[in-house]
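Quick notes on the structure that follows.
This is a predicted model, so every value here is computed, not measured.
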Amino acid sequence: VQLQASGGGLVQAGGSLRLSCAASGRTVSSYVMGWFRQAPGKEREFVAHISRSGGSTYYADSVKGRFTIFRDNAKNTVYLQMNSLKPEDTAVYYCAASGGFSIDAAHFGSWGQGTLVTVSS
């Protein structure tokens, strides 16, 4: 499956952004989908994942209560709604597809190209 992430940009602290991840090649409903992020000088970290049906989600503690992952399988797209953004959320955000639930990036076989989110203080 090929993934294309979009929706990043510059936003002030406390603001919101919605990231999109459009899939092609295979139906996104075949995969558990996740979002990861990588800040400058840091390792890539898990943000959230969602089950194939969308009925189950899991979040990193750092974003719990502020970010929401959801999917529209009819549109072959997964989203990450980010509210109450903080400067420490600044990173390149990547969507990824996996055959099962994991917070380990190594278990995600397909990746989008990343979209930059910059949160100013």
Exercise for the section: Applying salt bridge (Lys or Arg N to Asp or Glu O under 4.0 Å), name anything that partners Asp61, two or more places apart in sequence or on another chain. Expected result: Lys64

Exercise for the section: Please work out which of the three classes, parallel, tilted or perpendicular, describes the rings of Tyr94 and Trp111, given edges at 30° and 60°. Expected result: perpendicular

Problem - Least distance between heavy atoms, Phe108 atom then Gly34 atom - result: CE2-N, 3.7 Å

Fill in the blank from the handout: For Tyr31, the other hydrophobic cluster members (4.5 Å side-chain criterion, sorted by chain and number) are Val1, Leu3, Val11, Leu17, Leu19, Val28, Met33, Trp35, Val47, Ile50, Tyr59, Val63, Phe67, Ile69, Val78, Leu80, Met82, Leu85, Tyr93, Val117, Val119

Exercise for the section: May I ask you to decide if Ser30's main-chain N or O and Thr27's side chain share a donor-acceptor pair within less than 3.5 Å? Expected result: no

Handout entry: Backbone of His107 reached by a side-chain donor or acceptor of Ser98 within 3.5 Å
Key = yes

Completion exercise
CG (Leu10) and CG (Leu116) are apart, to the nearest 0.5 Å, by 9.0 Å

Exercise for the section: Could you tell me whether the side chain of Ser24 reaches within less than 4.5 Å of the side chain of Gln2, counting heavy atoms only? Expected result: yes

Fill in the blank from the handout: The reported gap from CG in Asn76 to OG in Ser29 (rounded to nearest 0.5 angstrom) is 7.0 Å

Handout entry: Any donor-acceptor pair under 3.5 Å from Asn83 side chain to Gly14 backbone
Key = no

Handout entry: Check: Ser62 and Arg37 side chains under 4.5 Å, non-hydrogen atoms
Key = yes

Exercise for the section: Under 4.5 Å between side-chain heavy atoms, chaining through other members, with only Ile, Leu, Val, Met, Phe, Trp and Tyr counted: pull out the rest of the cluster around Phe101, sorted by chain and number. Expected result: Val32

Handout entry: Tyr58, OH: over 12 other non-hydrogen atoms inside 6.0 angstrom
Key = no

Exercise for the section: Output, in order, the C-alpha distance, side-chain angles, deciding distance and verdict of side-chain hydrogen bond (donor to acceptor under 3.5 Å, both in side chains) for Thr77 and Asp72. Expected result: CA-CA 5 Å; Thr77 303; Asp72 185 339; over 6 Å; no

Practice task
Taking all non-hydrogen atoms of both residues into account, name the closest pair between Ser121 and Pro87 and its distance.
Solution key: CB-CG, 3.8 Å

Completion exercise
Here the gap from Gln4 atom CD to Cys21 atom SG, rounded to the nearest 0.5 Å, amounts to 8.5 Å

Problem - Any residue meeting salt bridge (Lys or Arg N to Asp or Glu O under 4.0 Å) with Glu88, in chain and number order, not counting sequence neighbours - result: none

Practice task
Find the distance between CD (Gln12) and OG1 (Thr118) and round it off to the nearest 0.5 Å.
Solution key: 13.0 Å

Problem - For the student: nearest non-hydrogen atoms of Lys75 and Tyr79, plus distance - result: CD-OH, 4.0 Å

Practice task
Under the salt bridge (Lys or Arg N to Asp or Glu O under 4.0 Å) rule, collect the residues that match up with Arg66, sequence neighbours excluded.
Solution key: Asp89

Exercise for the section: Report the residues that fulfil salt bridge (Lys or Arg N to Asp or Glu O under 4.0 Å) with Lys42, sequence neighbours left out, ordered by chain and then residue number. Expected result: none

Problem - OG-CD distance between Ser20 and Gln81, expressed to the nearest 0.5 angstrom - result: 9.5 Å

Fill in the blank from the handout: Shortest non-hydrogen pair, Cys95 vs Ala5, comes out as SG-CB, 4.1 Å

